[in-house]
Amino acid sequence: MQAKALDARALAALAANPGCRRRAILDGAGVDKGALASALGSPSVFGQSQFAFVRGNAFEAKVKADGGTELLRLAHEKLDRAAEPPTEARVPDLTAQGPQGRTARTELALREAATEAPGAWTLLDHPMLALDVAGSPAFLEPDAVVVHPDGSWTVVEIKSFPMLDGAADPSKVGAAARQSAVYVLALEQVAARLDPAPRVRHRILLVCPKDFSNLPTASAVDVRKQRAVTARQLDRLTRIEEIADTLPEGTCFSPELPAEELTEAVETVPAAYAPECLSACELAFHCRDRSRADGAVTSLGRPVRAELGGLTTVEDVLAAARGEAGDPDDPAVAALRRAAALRAEALSGARPEVAPCP
């Protein structure tokens, strides 16, 4: 089975949960997690429908028609009104052999935009960028990159969800911002290799359909926070080689293996499940079932997990609340016992003595 390359969406999800070694090794090995989840008996509903995929491609083609005239108009209107309006633009050919060739061609086109066409608008349609992730290269393909007349670069993200009265679904905008932050990081690595280094703008251009039409509109989205968080989380990722060294010899994650053997292989790598995984990872249902079976408090969410300190299972939590286990001086244990006493009072109508929380 052909390895599945990392993309910006996968990197954004990985950065949101850097403690999950399971996702790190599977993504690093290029395993198709959707096929893996189906083979494990927990098929995923995560992903884009075929209808949405076709609609998104048609909208993107409309936005980039006529040499990107409308796209550049939106970039000028939303990001760079002080510049000369884009009457025409350079759209360099980025075709090359393989991802490494396309990455080199993209870098050359960005260099040429600064040296051969200063003061002009340049549109890079589906450039290829490389980003080092935990010691492994990831090749990323943003929808577009705009080079402004002042030489600065802007990431363009084109989505098919609508902007109603100038605003879009905050959760979808947030996901697009996290994805774009990965592209910004990759562009910054390219800029660092040029002299002088161009400025990579931290406000990306989000292009969506206007209201219920198919007409494009846009919004400038500040991704500084997402970029900082993503950079920090990617730096925290354990190198893939270090995780692989801890696996038993001969471990294989092929979805073609028998279910029992495959489950055993997957369980050799610890996961860090949280409810947020349901919207970002194909293996979320499998990991949730395992987390619930083990009684892990992580299945209740990260905020609850953080409040419980050293109590890692639901059984430990209930035992601490009943006074059967746990250090009474532990703030989490004291709070649980106080909550249990208040619950007993509410159910019985009695007023037992309750020690105040420390």
Side-chain angles (χ1 to χ4, degrees), residues 12-24 37 40-42 44-46 169-175 177-178 181 224-226 228-238 243 246 263 266-358:
L14 190 58
N17 192 6
C20 187
R21 292 188 159 215
R22 181 175 297 170
R23 171 145 198 168
L40 289 170
S42 301
S44 170
V45 296
F46 172 78
D169 184 333
S171 63
K172 294 181 179 179
V173 173
R178 289 189 293 272
R224 283 177 296 180
K225 178 180 179 181
Q226 291 83 355
V229 171
T230 301
R232 183 169 63 251
Q233 299 292 58
L234 289 178
D235 287 343
R236 288 179 54 201
L237 283 176
T238 305
I243 302 176
T246 65
T263 300
V266 170
E267 293 304 313
T268 60
V269 191
Y273 171 77
E276 294 85 351
C277 296
L278 293 172
S279 62
C281 183
E282 296 87 342
L283 279 178
F285 289 118
H286 172 80
C287 295
R288 182 181 65 178
D289 291 344
R290 291 288 170 170
S291 179
R292 288 176 173 176
D294 295 339
V297 296
T298 51
S299 62
L300 304 177
R302 290 194 181 100
V304 175
R305 172 69 187 89
E307 291 290 338
L308 292 174
L311 304 173
T312 59
T313 67
V314 174
E315 184 178 348
D316 291 341
V317 171
L318 294 177
R322 292 192 295 263
E324 299 169 359
D327 181 358
D329 295 330
D330 185 333
V333 173
L336 286 167
R337 292 181 180 176
R338 176 175 172 80
L342 291 172
R343 179 178 184 274
E345 174 188 348
L347 293 176
S348 66
R351 294 186 57 83
E353 292 187 6
V354 179
C357 285

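- Between P328 and A334, the closest heavy-atom pair is O-CB, 3.8 Å.
- Pairing each heavy atom of L311 with each of V297, the nearest pair is O-CG2, 3.7 Å.
- Residues C20 and A272 come closest through the heavy atom pair SG-N, 3.6 Å.
- Separating the CZ atom in R288 from the SG atom in C277 is a distance of 11.0 Å, to the nearest 0.5 Å.
- Taken from CZ in R337 to CD in E324, the straight-line distance is 9.5 Å, to the nearest 0.5 Å.
- The heavy-atom pair separating L300 from P275 by the smallest distance is C-CG, 4.3 Å.
- Enclosure of atom CD in E307 is not indicated, since only 12 or fewer non-hydrogen atoms of other residues, nucleotides or ligands lie within 6.0 angstrom.
- Atom CZ of R224 sits in a sparse spot, with 12 or fewer heavy atoms from other residues, nucleotides or ligands closer than 6.0 Å.
- With a 4.5 Å cut-off on side-chain heavy atoms, L342 and E345 count as touching.
- For the atom pair C281 SG and E276 CD, the distance stands at 12.5 Å (nearest 0.5 Å).
- In this structure, the separation between OG1 on T268 and CD1 on I243 is 11.0 Å, given to the nearest 0.5 Å.
- Under the salt bridge (Lys or Arg N to Asp or Glu O under 4.0 Å) criterion, R290 pairs with E267, not counting sequence neighbours.
- R22 places a side-chain N or O within 3.5 Å of a backbone atom of V269 that can act as its donor or acceptor partner.
- Summarising the geometry, atom OH belonging to Y273 is positioned 8.5 Å from atom SG belonging to C287; distances are rounded to the nearest 0.5 Å.
- With contacts defined as side-chain heavy-atom distances shorter than 4.5 Å, the pair L40/L283 qualifies.
- Remark: the backbone N or O of S171 is paired with a side-chain donor or acceptor of D169 at under 3.5 angstrom.
- For the pair A340 and A321, the tightest heavy-atom approach, listed with the atom from each and the gap, is CB-O, 3.4 Å.
- Between A320 and L336, the shortest heavy-atom distance links the atoms CB-CD1, 4.1 Å.
- Judged purely by atom type and a 3.5 angstrom limit, T230 uses its side chain to pair as donor or acceptor with the backbone of Q226.
- With sequence neighbours excluded, no residue forms a salt bridge (Lys or Arg N to Asp or Glu O under 4.0 Å) with R232.
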